[in-house]
Amino acid sequence: MSRPQPLSGFPELLPRQRIVEQQVVDHLRRAFELHGFANLQTRAVEPMDQLLRKGETSKEVYVLRRLQSDERDTSDAELGLHFDLTVPFARYVLEHAGKLNFPFRRYQIQPVWRGERPQGGRYREFWQADIDIVDQGELPAHYEVEVALVVADALRGLPLPKVTMHVNNRKLSQGFYQGLGIRDTDEALRIIDKLDKIGPDATAKLLIDGVDATPEQAEACLKLAAISGEDASFADEVRALGVSDSLLEEGLAELTAVVEAAASAAPGFVVADMKIARGLDYYTGTVYEVFIEGEEHLGSICSGGRYDKLASDGKNTYPGVGLSIGVSRLLVPLLQAGRLDATREVPTCVLVALNHEDDRPAANATAQRLRARGIPVQVSPSAAKFGKQIKFADKRGIPFVLFTNDEGDQIKDIRSGDQATVDLDTWNPPAEDLHPRITAE
RNA sequence: GUGGUCGUAGUUCAGCUGGUAGAACGCUUGGUUGUGGUCCAGGAGGUCGCGGGUUCAAGUCCCGUCGAUCACCCCA
């Protein structure tokens, strides 16, 4: 009982890992803003009826309770921590609709909480980076293309393993099932979503038992789910299955648009994949899931879709489309495996060495001269032997140590050992050393 | 919530069929009288997750508990 133990599902990073996370988040933020998304923060808690509407009863919501609350005090009893950023956003849009301009696009990067059993890549507290575009009444389909491209843009340029976005359209699948004569297309979709896990035979059996499909219908559903492709030719394969339905045609057109746009804007990133279904039942059109190549067992590191009825006050509906990047799921496993790291564990670029404790005021002034030009500097903790002061910098990855002696101000690059007299008002570190950088494997 | 595995120094681990704890790395001191990284010599650091039981004796066996981890469920 001496040292506190970690809490499963609540990952905490070391400073050098946090540097990586921070830079990734900065990168995402810049990318979202380049596409015109405004930032938003919503409170951590939502009323339980907001969190649980749409029948999301299976969500493991953390409920808020005051420790000293008395049995009869129910004032906080109806609050829970949000488990994603989409539901709070829908609530926010309804609440502030009068002050927002539509179509409205926003990004949100915040922690969310789910009371599920944690394991690799699954946490009880984790960060999501979420983008959504909502409109009033009708949402043009081109936004379903746009959000995919924004995510492609945001993930590109990060030193990550190859990631691929798998896209489907619920209208396509459900239209197909409907055209086949299957009644409960929602349930059929949920069953198809399990295909990868339980295999085709078990899936067929579930379809026959669960939605009264005939063996032939189940077979057709599996054939559809098997179709995938990086270009519009997937649509021909679907049509070749011989099912005709207007909803199916709508879905085919929309999915084709996404795939074609992505193929030219971000080649190799998007693949049409008819077995993507998404368990969440509020999705109504395009659905997206992004996987890390070779790390598919982690599940999707970014997913979302179009939702037409999530935000509705009865009079007005605000259809939207959005994607959430699971920042923690994306980074924590890679950090723990050492596949991502930072060049140093502190922002400090230069350590000012001390000759004597009495020199501290002068050293502070020296440091301040460099800081004034944007160079992160700290002064040595003590006037220990120079070897120790260099070691202090080395252990933290600080690349430069500044000595002041008879020669003047000298900067030592402790990686190469090179030391040279410099002019403090003009000296600059190489651009790549000014701030810590992310290194991959 | 259900099931499997695991829990020994800061870290990674060893400890055979029970005989009151070890290595490597890290940390620290010195060799190196103010410029580190190599090398050498020393040093510190563990109520073996916690509680109970069996035994002359438990890190080792049994039970419980807590924690971690994997699979299921579900999802970012």
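Everything numeric in this text was worked out from a predicted model, so none of it was measured. Note on naming: letters A, B, ... go to the chains in the order of the sequence lines (proteins, then strands), and numbering restarts at 1 for each one.
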Just checking [X]: base, sugar-phosphate only, or nothing, at a heavy-atom cut-off of under 4.0 Å?
X: A:Leu331; value: nothing
X: A:Ala383; value: base
X: A:Asp130; value: nothing
X: A:Arg415; value: base
X: A:Gly121; value: base

So which nucleotide from [options] ends up closest to the side chain of [X]?
X: A:Ser300; options: B:rC72, B:rU35, B:rA76; result: B:rA76
X: A:Asn405; options: B:rU28, B:rU35, B:rA76; result: B:rU35
X: A:Leu7; options: B:rA68, B:rG36, B:rC72; result: B:rA68
X: A:Ile301; options: B:rU35, B:rC27, B:rA76; result: B:rA76
X: A:Ser8; options: B:rU35, B:rG1, B:rU69; result: B:rU69
X: A:Lys395; options: B:rU35, B:rA68, B:rC27; result: B:rC27
X: A:Lys385; options: B:rG34, B:rU35, B:rA71; result: B:rG34
X: A:Gln119; options: B:rA76, B:rC70, B:rA68; result: B:rC70

Notebook entry, point to check: With no angle test and no hydrogens, is the base of B:rG37 tied to the side chain of A:Asp394 by a donor-acceptor pair under 3.5 Å?
Noted result: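 No pair found.
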Check: For the ring pair A:Tyr288 and A:His166, is the centre-to-centre distance below 6.0 Å?
Finding: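 So the answer is no for these two rings.
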Check: How are the rings of A:Phe10 and A:Tyr62 set relative to one another: parallel (under 30°), tilted (30 to 60°) or perpendicular (over 60°)?
Finding: tilted
Check: Of all of residues 386-393 of chain A, which get a heavy atom below 4.0 angstrom from RNA chain B, listed by number?
Finding: A:Phe386, A:Gly387, A:Lys388, A:Gln389, A:Ile390, A:Lys391
Notebook entry, point to check: Do A:Arg43 and A:Arg91 come close enough that some side-chain heavy atom pair is under 4.5 Å?
Noted result: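 Yes, their side chains come closer than 4.5 Å.
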Checklist line | Side-chain (A:Arg170) to main-chain (A:Gly251) donor-acceptor, under 3.5 angstrom | finding: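 Absent.
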